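Here's the structure, in structure tokens; my notes come after.
No hydrogens, no waters, no symmetry mates; every other heavy atom, side chains included, goes into these values. Counting begins at 1 with the first residue of the sequence. Note that the structure is predicted; figures quoted are calculated from it, not measured.
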Amino acid sequence: MTTAIRSEFDQGIALTPHPDESGRYDGELGAGWQIGGGVNGGLLLAVAGHALALEHGSRPESADHADPVSISGYYLSASTPGPATVRTEVIRTGRSLSTGTASLSQDGVERLRVIATHGDLAAIEGEVRTSARPPQLPPPDQCVGVEHAPKELIAQAALLERFDMRLDPSTIGWALGQPSGEGRIQGWFRLADGREPDPLLLLLVADALPPVTFDLGMPGWAPTVELTVHLRAKPVPGWLRVVHATRNLAGGYFEEDAEVWDEAGRLVAQSRQLARVPRQA
């Protein structure tokens with residue numbers, strides 16, 4: 001089974017089962033998903049999550065466990081464009097959830113180690129009790145598009161060409177040399193080629209906005225150390241509202257919390273990552 005190619009994102013996470021090694025999937029990391037010194041961490045997490053979805057789907061006892069519900073990835077070395085191998089192992093299979101691990105490597109060097117629980121998000125939708133509220137944003141046509149991003153950001157982020165991202169004007173003072181210092185960036189997101197959101201795309205979206213360190217006056221690549229995403233529901237078609245924020249920076253590291261809301265006003269994903277502070281010239 002090979003993933004049907006429907007968009008650049010689908011091509012970016014496409015995998016083919018290895019004919020002679022159970023649990024192994026082979027793919028190609030594209031240059032169009034680079035940021036800073038490597039391939040975007042959210043895209044890598046989506047590749048690993050896709051491999052586990054395929055592995056669960058190949059087993060009768062977990063065939064409907066295609067959606068990541070909780071997934072954590074540890075980034076061991078920077079990935080580069082080119083062939084990649086994902087080896088999966090199913091640890092436990094239950095009636096509603098299955099848990100497994102995945103290791104993404106290139107030329108024998110491990111890039112990412114993941115543990116994840118998959119299930120059927122459509123089957124677990126039900127009562128919601130939350131005090132969370134979606135971010136209040138101007139309409140997309142009143143927000144700032146990628147074409148207005150600082151040159152230094154465009155130069156180190158080829159993946160921005162894949163995005164239709166509109167940032168809230170109130171959180172982009174850093175682009176004008178006036179960072180707020182609050183550590184918050186928010187805006188609208190969808191893919192430039194029109195592909196609608198689904199659970200695997202949410203893994204990319206959780207790491208799609210510029211690092212919140214830009215708003216702290218620290219531009220540059222912020223390598224991810226660890227990224228965990230919790231998925232709450234399958235998103236409806238349309239724009240996603242995304243907010244990234246941080247409250248702590250210490251010892252050369254910072255945490256970045258993200259919320260992703262769909263057009264139905266539902267919180268469909270939350271994430272937290274630990275990343276290194278960008279190196280300053």
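The line from CG of Leu45 to CD of Gln273 is 10.0 Å long, rounded to the nearest 0.5 Å. Interatomic distance, OG1 of Thr88 versus CG of Leu104, reported as 12.0 Å (0.5 Å rounding). One finds the CD1 atom of Ile172 at 12.5 Å from the CZ atom of Phe214 (value rounded to the nearest 0.5 Å). Taken to the nearest 0.5 Å, the CG atom of Asp64 stands 5.5 Å off from the CG atom of Asp120. To the nearest 0.5 angstrom, Arg279 atom CZ is 8.5 Å from Trp221 atom CH2. For the atom pair CG (Leu121) and NZ (Lys234), the distance works out to 6.5 Å, reported to the nearest 0.5 Å.
Ile35 and Met218 end up in different hydrophobic clusters when Ile, Leu, Val, Met, Phe, Trp and Tyr side chains are linked at under 4.5 Å. The cluster map of Ile, Leu, Val, Met, Phe, Trp and Tyr, joined by side-chain heavy atoms under 4.5 Å apart, puts Leu227 and Val243 in different clusters. Using a 4.5 Å cut-off between side-chain heavy atoms of Ile, Leu, Val, Met, Phe, Trp and Tyr, with links allowed through other members, Met165 and Leu137 fall into different hydrophobic clusters.
Side-chain N or O atoms of Thr224 include none that pairs as donor or acceptor with a backbone N or O of Glu226 at under 3.5 Å. Gln106 places a side-chain N or O within donor-acceptor distance of the main-chain N or O of Pro83, the cut-off being under 3.5 Å. Under the 3.5 Å distance criterion, the side-chain polar atoms of Gln136 are matched with a main-chain donor or acceptor of Pro134. No donor-acceptor pair under 3.5 Å is formed between the side chain of Ser62 and the backbone N or O of Gly94. When atom types are taken as modelled, the side chain of Asp215 and the backbone of Ser180 share a donor-acceptor pair closer than 3.5 angstrom. Side-chain atoms of Asn40 never come within 3.5 Å of backbone atoms of Leu204 as a donor-acceptor pair (strictly under, hydrogens ignored). Between the side chain of Thr117 and the backbone N or O of Thr99 there is no donor-acceptor pair closer than 3.5 Å. Side-chain atoms of Trp188 come within 3.5 Å of backbone N or O of Pro138 as a donor-acceptor pair. When atom types are taken as modelled, the side chain of Asp262 and the backbone of Pro235 share no donor-acceptor pair closer than 3.5 angstrom.
In Asp107, the CG atom is not crowded: 12 or fewer heavy atoms of neighbouring residues, nucleotides or ligands sit closer than 6.0 Å. Counting heavy-atom neighbours within 6.0 Å of Glu182 CD, excluding the residue itself, gives a total of 12 or less.
Trp174 is not listed as a side-chain neighbour of Pro219, based on a closest heavy-atom distance of 4.5 Å or more. Taking 4.5 Å as the limit, every side-chain heavy atom of Val205 sits out of range of all side-chain heavy atoms of Pro197. Residues Val229 and Leu202 are not in side-chain contact: their nearest non-hydrogen atoms beyond the backbone lie 4.5 Å or more apart. No side-chain heavy atom of Leu29 sits less than 4.5 Å from a side-chain heavy atom of Thr80. Residues Pro17 and Leu54 are not in side-chain contact: their nearest non-hydrogen atoms beyond the backbone lie 4.5 Å or more apart. A heavy-atom distance below 4.5 Å is not found between the side chains of Arg111 and Leu44.
Aromatic ring orientation, Phe9 versus Trp33: perpendicular (interplanar angle above 60°, classes split at 30° and 60°).
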Requested in this report: Show your reasoning for whether side chain to side chain donor-acceptor pair (under 3.5 Å) applies to Gln270 and Arg232.
Outcome: CA-CA 8 Å; Gln270 296 169 270; Arg232 304 299 191 184; 2.7 Å; yes
Report task. May I have the step-by-step check of side chain to side chain donor-acceptor pair (under 3.5 Å) for Ser103 and Glu110, ending in yes or no? Result -> CA-CA 7 Å; Ser103 172; Glu110 189 171 23; 2.6 Å; yes
Report task. Tell me, with the steps shown, if Trp239 and Arg166 meet side-chain contact (heavy atoms from CB on, under 4.5 Å). Result -> CA-CA 10 Å; Trp239 286 99; Arg166 317 285 181 88; 3.7 Å; yes
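Just one residue in the list His56, His65, His50 forms a ring-ring contact (aromatic ring centres under 6.0 Å, His included) with His118, and that residue is His56. Considering Arg272, Arg247, His244 in turn, His244 is the only one that fulfils the side chain to side chain donor-acceptor pair (under 3.5 Å) rule with Glu256.
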